[in-house]
Amino acid sequence: MILRCIIGFILATWSLFLFAEPAQLVVRGLFEKAALLEIDGRRQLLRAGQRGASGILLVSATPRAAVIEIDGERKTLTLNKFIGGAYKAPLLTTVSLHKNNQKEYRARVAINGRNAEAVVDTGATTVAMSSKDAEQLGISYRNGKVTSVATAGGVKQAYSIVLERVALGDIQTRQISAVVIEGDYPHVILLGMSFLEHIDLQERDNVLVLSPRY
């Protein structure tokens, strides 16, 4: 009987540990039927109905708010709304991008002080560019770590590098991981999550508002 009680106590404690609310969760980006969540410092893009590795379920999302479910309890969160931890007011610096005819958010960026065109891509894990763009930007990419990436044209040789500075308007970031792919793919620089993890995103009426993470 005593052994059964001990086992029951251990299982109950373990269950509480597994399904406890995260120390801190904040909404970093809101989209139609998707949300970019930051859970204990790690970002994850979830689509409506999808459950993250931490067990958090994104029930629904609009550009205005996200409904999440944690351990059976539902909560509605707006952009930058925290669960746990102290709330900080967002910085005033913002950049607004309008969706083009190709349904892309394009912008002029400065990479290591040189200007280039880029497109916001939440599906890319890192900033990605072609070797052609890298050469125009004066980046010595062949000093990077040799790797390979899968593209529409097959597997291509690539180089993992670190960009000293990436700026989008008044939003300044440093030491951003990137990959340079041999050839002319991608045709435009992709601003992937290695850059966007420093940015808060809010999409509404075909306008994407970016502000530096605080």
Side-chain angles (χ1 to χ4, degrees), residues 18-85 87 90 94-107 109 118-129 149-152 166 168 171 173 176-179 181 185-214:
L18 284 178
F19 298 103
E21 188 173 286
Q24 188 179 84
L25 180 150
V26 59
V27 177
R28 293 295 187 184
L30 286 171
F31 310 91
E32 194 63 44
K33 298 183 180 180
L36 182 63
L37 304 181
E38 182 176 298
I39 305 168
D40 290 338
R42 294 187 177 183
R43 293 195 175 195
Q44 184 175 13
L45 180 68
L46 295 181
R47 303 200 177 276
Q50 184 179 4
R51 189 180 298 275
S54 61
I56 294 175
L57 172 67
L58 180 64
V59 179
S60 62
T62 70
R64 296 179 181 275
V67 178
I68 63 168
E69 182 177 296
I70 303 176
D71 197 19
E73 182 180 355
R74 293 191 177 187
K75 299 183 179 182
T76 300
L77 302 178
T78 54
L79 189 68
N80 296 325
K81 180 65 176 180
F82 280 78
I83 294 179
Y87 177 80
T94 62
V95 174
S96 297
L97 303 177
H98 294 264
K99 186 177 289 185
N100 61 20
N101 293 333
Q102 287 73 47
K103 297 184 178 181
E104 300 171 329
Y105 289 110
R106 293 207 179 201
V109 297
V119 62
V120 174
D121 188 351
T122 57
T125 58
T126 185
V127 173
M129 69 181 73
V149 296
T151 70
V166 178
L168 174 57
I171 300 175
T173 61
I176 302 299
S177 298
V179 62
I181 305 170
Y185 177 87
H187 304 305
V188 63
I189 297 171
L190 305 179
L191 290 179
M193 292 307 298
S194 62
F195 172 76
L196 296 176
E197 68 182 0
H198 304 282
I199 308 298
D200 290 333
L201 309 171
Q202 186 169 26
E203 183 182 38
R204 184 180 298 172
D205 298 329
N206 292 325
V207 176
L208 183 66
V209 179
L210 303 92
S211 56
R213 177 184 175 185
Y214 51 88

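The figures that follow rest on heavy atoms only: side chains count, while hydrogens, waters and symmetry mates do not. Small disclaimer: the values here were computed from a predicted structure and weren't measured.
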Open item on the list: Could you report the tightest heavy-atom contact between Leu79 and Gly29, atom names first, then the distance?
Closed with: CD1-N, 3.7 Å
TODO: Could you tell me whether the side chain of Val127 reaches within less than 4.5 Å of the side chain of Leu190, counting heavy atoms only?
DONE: no
Open item on the list: I'd like to know if the side chain of Thr126 reaches the main chain of Ser177, judged simply by a donor and an acceptor atom lying under 3.5 Å from each other, with no hydrogens or angles considered.
Closed with: yes
Open item on the list: I need the Leu46 CG to Arg51 CZ distance, nearest 0.5 Å.
Closed with: 10.5 Å
Task: Leu77 CG to Leu30 CG distance, which is reported to the nearest 0.5 Å - done: 9.0 Å
- [ ] Please check if the side chain of Ser194 supplies one atom and the backbone of Ala178 the other of a donor-acceptor pair under 3.5 Å.
- [x] no
Open item on the list: Within a 6.0 Å radius of atom CZ on Arg64, are there more than 12 heavy atoms belonging to other residues, nucleotides or ligands?
Closed with: no
Open item on the list: To the nearest 0.5 Å, what is the distance between CG on Asp121 and CD on Glu104?
Closed with: 9.0 Å
Task: Side chain Arg74, main chain Val59, donor-acceptor under 3.5 Å - done: no
Task: Any residue meeting side-chain hydrogen bond (donor to acceptor under 3.5 Å, both in side chains) with Thr122, in chain and number order, not counting sequence neighbours - done: none
- [ ] Examine distances only and state if a side-chain atom of Arg28 and a backbone atom of Glu38 form a donor-acceptor pair shorter than 3.5 Å.
- [x] no
Open item on the list: Using every non-hydrogen atom in the two residues, find where Glu203 and Tyr105 come nearest and quote the distance to one decimal.
Closed with: OE2-OH, 2.6 Å
- [ ] State whether the side chain of Asn100 and the backbone N or O of Gln102 hold a donor-acceptor pair below 3.5 Å, judged by distance alone.
- [x] yes
TODO: Heavy atoms only: give me the nearest Ala118-Leu191 pair and the separation to one decimal.
DONE: CB-CG, 3.8 Å
TODO: Starting at CD1 of Ile39, measure out to CD1 of Ile68 and round the result to the nearest 0.5 Å.
DONE: 8.0 Å
TODO: Give the intermediate values and the outcome of side-chain contact (heavy atoms from CB on, under 4.5 Å) for residues Val109 and Phe195.
DONE: CA-CA 12 Å; Val109 297; Phe195 172 76; over 6 Å; no
TODO: Indicate the atoms forming the closest heavy-atom contact of Thr94 with Ser211, along with that distance.
DONE: CG2-CB, 3.8 Å
Task: Side-chain heavy-atom pair Met193, Leu36 within 4.5 angstrom cut-off - done: yes
Open item on the list: Tell me whether Thr173 contacts the main-chain N or O of Val166 through its side chain, where contact means a donor paired with an acceptor under 3.5 Å.
Closed with: yes
Task: Test item: Gln202 side-chain N/O and Pro63 main-chain N/O as donor-acceptor pair under 3.5 Å - done: yes
Task: Shortest non-hydrogen separation from Val95 to Leu168 and the atoms involved - done: CG2-O, 3.5 Å
- [ ] State the CG-CG distance between Leu196 and Leu201, to the nearest 0.5 angstrom.
- [x] 5.5 Å
TODO: Compare every heavy atom of Ser96 with every heavy atom of Val207, then report the nearest pair and how far apart it is.
DONE: CG1-CB, 4.2 Å
